[in-house]
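To keep things clear, I will list the structure first and then write my remarks on it.
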2 protein chains.
Amino acid sequence: MKDYNSVFEEYLQVNNLKFTEQRKIILNAVFNNHNHFCVDTLFEQIQSNDSFQEYVSRATIYRTIPLLLEANLIKVSEKLSDKETYEHCYGHPKHAHLMCTICNRIIEEDEDRLMNKVINQIAKKNKFKITDFNICIKGECCDCQSKK
Amino acid sequence: MKDYNSVFEEYLQVNNLKFTEQRKIILNAVFNNHNHFCVDTLFEQIQSNDSFQEYVSRATIYRTIPLLLEANLIKVSEKLSDKETYEHCYGHPKHAHLMCTICNRIIEEDEDRLMNKVINQIAKKNKFKITDFNICIKGECCDCQSKK
DNA sequence: CTCGTTGCAAAATGTTTGCAATGTA
DNA sequence: TACATTGCAAACATTTTGCAACGAG
């Protein structure tokens with residue numbers, strides 16, 4: 001499987017766009033950890049990382065996100081705060097999210113077999129061609145329940 | 001089962017709030033049809049409806065939505081446009097959404113049995129206490145596939 | 001060298017809020 | 001009558017965009 005750098009590079013090439021230092025920094029910041037992110041958290045993450053030598057403005061982040069979406073490297077994610085939230089998806093298997101409404105933790109769960117069965121069954125019943133799906137469960141995580 | 005009017009009225013009473021004409025209009029607009037809505041579509045729907053005699057400002061809609069959410073009459077919904085989107089949920093069984101990315105149609109599917117089984121299984125495995133869940137499938141609907 | 005890209009600041013868009021007038025219970 | 005609510009307009013927050021300087025290939 002290609003790594004995300006190659007995927008982005010090829011996407012840019014095909015579309016006559018350039019693989020600039022800023023785009024490299026944003027791409028790496030996105031894939032460096034596994035957190036869901038919004039423009040602000042990404043901006044702060046980049047600023048606080050000494051190993052990124054160049055400055056990246058918010059405007060550039062705003063302009064890069066549509067490219068990453070289009071290249072299928074990231075996707076819009078269910079949000080906890082009021083800000084638009086993303087997660088990287090390339091190379092990451094489909095999973096359900098368990099979002100704790102008390103501590104805001106997000107647990108990922110790959111219950112592949114049954115999950116896919118349900119999704120496929122629903123799609124088939126409606127003659128629907130799946131390109132993506134999301135399962136999100138909200139409630140209280142194990143820790144928060146026991147703290148009460 | 002209580003009707004949505006009583007539910008809202010009781011919620012307001014308990015919280016020392018008043019059941020004003022504007023709140024009645026907004027509530028009825030929300031439950032009058034089954035579309036997902038954002039502030040703007042709701043505003044337009046109210047303006048264009050002759051049977052609503054009073055004017056309702058956007059500010060009032062913005063102030064009423066948190067009340068409807070808190071009363072569990074509506075909930076945040078997966079969005080197609082870039083605007084925050086809601087759907088009424090009171091009295092409406094849990095369902096999956098099939099969102100067509102071509103025509104933007106949203107199909108609702110109540111495949112209760114298996115859907116609930118998966119959700120419960122995932123929650124149980126993580127000792128998670130469910131308060132709500134969402135299943136959203138994106139892709140191409142039957143009609144849009146056959147048009148190609 | 002040619003165009004695409006960047007950062008900046010201004011503009012556009014969406015949402016919240018202070019306030020004086022009004023309405024509900 | 002007391003106090004919550006409304007519409008307005010101003011404030012605020014987020015995102016987009018025009019532009020001149022810059023940079024990748």
Side-chain angles (χ1 to χ4, degrees), chain A residues 5-6 8-30 36-47 52-71 73-77 79-86, chain B residues 5-6 8-30 36-47 52-71 74-86:
Chain A
N5 268 287
S6 321
F8 198 30
E9 196 166 6
E10 280 170 33
Y11 168 82
L12 294 171
Q13 218 159 56
V14 168
N15 291 279
N16 231 308
L17 303 173
K18 294 174 180 172
F19 202 14
T20 62
E21 196 54 37
Q22 281 83 351
R23 287 180 180 157
K24 283 176 194 160
I25 290 171
I26 293 169
L27 179 67
N28 281 302
V30 165
H36 294 206
F37 62 93
C38 62
V39 170
D40 269 347
T41 56
L42 191 54
F43 180 73
E44 282 163 29
Q45 184 189 339
I46 290 170
Q47 284 222 307
F52 295 144
Q53 295 296 333
E54 299 240 359
Y55 176 76
V56 180
S57 70
R58 270 177 235 272
T60 299
I61 296 178
Y62 277 114
R63 284 188 273 230
T64 304
I65 282 175
L67 306 179
L68 295 170
L69 285 168
E70 181 63 25
L73 288 161
I74 66 172
K75 64 179 209 167
V76 172
S77 156
K79 59 190 184 186
L80 282 166
S81 76
D82 50 343
K83 296 178 187 169
E84 194 68 88
T85 304
Y86 310 89
Chain B
N5 268 287
S6 320
F8 198 31
E9 196 166 5
E10 281 171 32
Y11 168 81
L12 293 171
Q13 218 159 55
V14 167
N15 290 279
N16 231 307
L17 303 173
K18 291 172 182 173
F19 203 15
T20 63
E21 196 54 38
Q22 281 84 351
R23 288 180 181 157
K24 283 176 196 160
I25 290 171
I26 293 169
L27 179 66
N28 281 302
V30 165
H36 294 204
F37 63 93
C38 61
V39 169
D40 270 348
T41 57
L42 192 53
F43 180 72
E44 281 161 30
Q45 183 189 340
I46 290 170
Q47 284 221 306
F52 296 142
Q53 296 295 334
E54 300 241 358
Y55 177 75
V56 179
S57 70
R58 280 193 172 77
T60 299
I61 296 179
Y62 277 113
R63 285 189 271 230
T64 304
I65 283 176
L67 305 179
L68 295 170
L69 285 168
E70 182 63 26
I74 66 173
K75 63 179 209 169
V76 172
S77 155
E78 191 107 2
K79 59 190 184 188
L80 282 166
S81 76
D82 50 342
K83 295 178 187 169
E84 194 67 86
T85 305
Y86 309 88

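Any value given below was found using the heavy atoms of this structure, including those in side chains, with hydrogens, waters and symmetry copies removed. Small disclaimer: the values here were computed from a predicted structure and weren't measured. Proteins get letters first, then strands, A, B, ... in listed order; numbering begins at 1 in each.
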Kindly confirm or rule out a cation-pi arrangement of B:K75 over B:Y86, judged by NZ or CZ under 6.0 Å from the six-membered ring centre and within 45° of its axis?
->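 Because its charged atom misses either the 6.0 Å distance or the 45° angle limit, B:K75 does not stack over B:Y86.
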CZ-CD1 distance between A:R58 and A:I46, expressed to the nearest 0.5 angstrom =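 One finds 11.0 Å between CZ of A:R58 and CD1 of A:I46.
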Reckon B:V39 touches a base, only the sugar-phosphate, or nothing at all at heavy-atom distances under 4.0 Å?
->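 Here B:V39 touches no strand at all.
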What nucleic acid atoms does A:D82 come within less than 4.0 Å of, heavy atoms only: base, sugar-phosphate, or nothing?
->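 Counting heavy atoms under 4.0 Å across all strands, no contact is made by A:D82.
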Residue whose closest nucleotide on DNA chain C lies nearer the 5' end, B:E21 versus A:L67 |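 Its nucleotide being nearer the 5' end, the pick is A:L67.
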Residues A:E84 and B:K79 bridged, charged N to O under 4.0 Å =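 The answer is yes: the pair qualifies as a salt bridge.
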Can you check the [X] [atom1] to [N] [atom2] distance for me, whole Å?
{"X": "B:I26", "N": "D:dT5", "atom1": "CD1", "atom2": "P", "result": "12 Å"}
{"X": "B:I61", "N": "C:dT17", "atom1": "CD1", "atom2": "P", "result": "17 Å"}
{"X": "B:R58", "N": "D:dA10", "atom1": "CZ", "atom2": "C1'", "result": "16 Å"}
{"X": "B:L17", "N": "C:dA25", "atom1": "CG", "atom2": "C1'", "result": "13 Å"}
{"X": "A:Q13", "N": "C:dT5", "atom1": "CD", "atom2": "P", "result": "13 Å"}
{"X": "A:E84", "N": "D:dT14", "atom1": "CD", "atom2": "C1'", "result": "11 Å"}
{"X": "A:I65", "N": "D:dT17", "atom1": "CD1", "atom2": "C1'", "result": "16 Å"}
{"X": "B:F19", "N": "C:dT24", "atom1": "CZ", "atom2": "C1'", "result": "13 Å"}

Is the closest side-chain heavy-atom distance between A:F37 and A:T85 below 4.5 Å?
->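 Side chain of A:F37 against side chain of A:T85, heavy atoms only: no contact under 4.5 Å found.
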B:Y55 vs B:Q47 side-chain heavy atoms within contact, under 4.5 Å |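 Sidechains of B:Q47 and B:Y55: in contact.
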Does a distance-only test, which skips hydrogens and angles, find a donor-acceptor pair under 3.5 Å between the side chain of A:R63 and the base of C:dG4?
->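 Answer is no: no donor-acceptor pair is held.
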Has the side chain of A:R23 got a donor or acceptor atom sitting under 3.5 Å from an opposite partner on the base of C:dG4?
->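 No pair found.
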Looking at [N], I'd like to know if its phosphate oxygens (OP1 or OP2) sit under 4.0 Å from a side-chain N or O belonging to [X].
{"X": "B:K18", "N": "D:dC3", "value": "no"}
{"X": "A:Y55", "N": "C:dC8", "value": "yes"}
{"X": "B:T20", "N": "D:dT6", "value": "yes"}
{"X": "B:Q22", "N": "D:dG7", "value": "yes"}
{"X": "B:Y62", "N": "C:dT16", "value": "no"}

Which nucleotide in the list D:dC8, C:dG14, C:dT6 gets nearest to the side chain of B:K83?
->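 Between D:dC8, C:dG14, C:dT6, the one nearest the side chain of B:K83 would be C:dG14.
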Report the residue (B:E54 or B:N16) whose heavy-atom-nearest nucleotide on DNA chain D is the more 5′ of the two.
->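 The 5'-side residue here is B:N16.
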